[in-house]
Amino acid sequence: MILPSTYSIALLLTLVSMICWGSWANTQKLAGKWRFELFYFDYSSGVLLTALAAAYTFGSMGDGLSFMDNLSISSRRNIAFGLAGGVVFNLANMLLVAAISIAGLSVAFPVGIGLALVIGVVWNYSINPQGNPTLIFAGAGLVTVAIIVDALAYRAHAAARQKGVSSASRSGASRFWKGILLSIVSGILMGSFYPLVEMGKAGDYGLGPYAIAFVFAIGVFGSTFVFNLYFMNLPVEGEPLSFGDYFQGNARQHLLGIFGGVIWCAGAISNFVAASAPPEVNVGPAMSYAMGQGATMISALWGLLVWKEFAGAVLNVRLLLALMLILFVIGLGMVSVAPLY
């Protein structure tokens, strides 16, 4: 399998991960009124196809064990952790997608993924401590402050929009707060999946990054059909759906869902590979995960600049959003240089 041999390459992979994880949700926005429950069937298919393609290419090239050899000697315990990581991530991600459909990218991602970053960094560092802990945890602390600032910005924006408007518009604002609650629950779960991945990679019979990505993707794909039974019958928004509704979508909507899964999984594989670099590269899962979750900043920029989710915001809201982005940049910068000190 192919692994990074220098810190620069590993850092580049974490940046690729950050861009992919912060950009895939645009495919859902582009799908228009296509319900997220139906979108997710195609998304999970894209995740599995990408993991399979990477396993039989990059995971079967270079030195060391190939993907199939690695999978054949891994223990059932490690495989179970990998599957569990996929299932936990999938529930978290479905809640996040639901929050995006209600509150938008620039709210759901900073709250949900930012919270996941803090939980994941602490947990991952306790499993495999690499890098300067002061820089890692101080950076995670700044990201926490950025999450709070983003929530304050949204609260101020919602309050400004409610002044002098009808009760119908006010009920619309309450939908956004439901989106924030979904984002928080998603963030707590999202911060738990990566440590499960690391447990699946641990030990003499652990899975390599490409094998864990494949097992993880099976967990995502399989659990989609289980979780969607709930989301389709008891939706967070709108009327209940049936499986027949999936076939009412057009080719563009289905392809966007698959492409969204491809983008996310490409970022996940990049992240898993970076975290599996040799010890002398000194990256480790805490740093790799934290950099990948810089996706929060990328998604916030998409929401602000492309989708205009804070259009018409007053000056104090714009200042809070600018402060949020600055805090994210500084926090991620501290995390990115932690292995060097």
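Numbering starts at 1 and runs along the sequence shown. Hydrogens, waters and symmetry mates play no part in the numbers below; they use all other heavy atoms, side chains included.
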- Query: Would Phe225 and Phe221 count as a close aromatic pair, with their ring centres under 6.0 Å?
  - Reply: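 Here the rings of Phe221 and Phe225 have centres that are less than 6.0 Å from each other.
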- Message: Around atom CZ of Phe259, are there more than 12 heavy atoms from other residues, nucleotides or ligands closer than 6.0 Å?
- Response: no
- Message: For Tyr205, I'd like to know if atom OH has over 12 heavy atoms of other residues, nucleotides or ligands within 6.0 Å.
- Response: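 Not more than 12 within 6.0 Å, no.
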- Query: Which atom names give the shortest non-hydrogen contact between Ala138 and Met334, and what distance separates them?
  - Reply: CB-CE, 3.4 Å
- Item | Residue pair Lys201 / Ser276: nearest heavy atoms and the distance that separates them |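 Of all heavy-atom pairs spanning Lys201 and Ser276, the closest is NZ-OG, 2.8 Å.
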Applying side chain to side chain donor-acceptor pair (under 3.5 Å), name anything that partners [X], two or more places apart in sequence or on another chain.
{"X": "Ser75", "value": "Asn78"}
{"X": "Ser45", "value": "none"}
{"X": "Asn228", "value": "none"}

Main-chain N/O of [Y] paired to [X] side chain as donor or acceptor, under 3.5 Å:
{"X": "Ser186", "Y": "Met94", "value": "no"}
{"X": "Asn271", "Y": "Ser288", "value": "yes"}
{"X": "Gln248", "Y": "Asp245", "value": "no"}
{"X": "Asn70", "Y": "Ala211", "value": "no"}
{"X": "Ser17", "Y": "Leu13", "value": "no"}
{"X": "Arg35", "Y": "Glu239", "value": "yes"}
{"X": "Tyr210", "Y": "Thr57", "value": "no"}

Between [atom1] of [X] and [atom2] of [Y], what distance do you get to the nearest 0.5 Å?
{"X": "Leu91", "Y": "Thr224", "atom1": "CG", "atom2": "OG1", "result": "10.5 Å"}
{"X": "Leu12", "Y": "Thr14", "atom1": "CG", "atom2": "OG1", "result": "7.5 Å"}
{"X": "Ile73", "Y": "Leu207", "atom1": "CD1", "atom2": "CG", "result": "9.5 Å"}

- Can a donor-acceptor pair be found between the side chains of Ser23 and Asn26 at a distance below 3.5 Å?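 Not at all, the side chains of Ser23 and Asn26 share no donor-acceptor pair under 3.5 Å.
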Determine whether [X] and [Y] make a side-chain contact, defined as any pair of heavy atoms from C-beta on separated by less than 4.5 Å.
{"X": "Phe243", "Y": "Leu229", "value": "yes"}
{"X": "Phe193", "Y": "Leu189", "value": "no"}
{"X": "Glu198", "Y": "Ile212", "value": "no"}
{"X": "Gln28", "Y": "Trp34", "value": "no"}

Parallel, tilted or perpendicular: which fits the ring planes of [X] and [Y], with parallel below 30° and perpendicular above 60°?
{"X": "His254", "Y": "Tyr246", "result": "tilted"}
{"X": "Trp21", "Y": "Tyr289", "result": "perpendicular"}
{"X": "Phe231", "Y": "Phe36", "result": "perpendicular"}
{"X": "Tyr125", "Y": "Phe137", "result": "perpendicular"}

- Partner of Asn93 under side chain to side chain donor-acceptor pair (under 3.5 Å), picked from Trp264, Trp24, Tyr43, is Tyr43
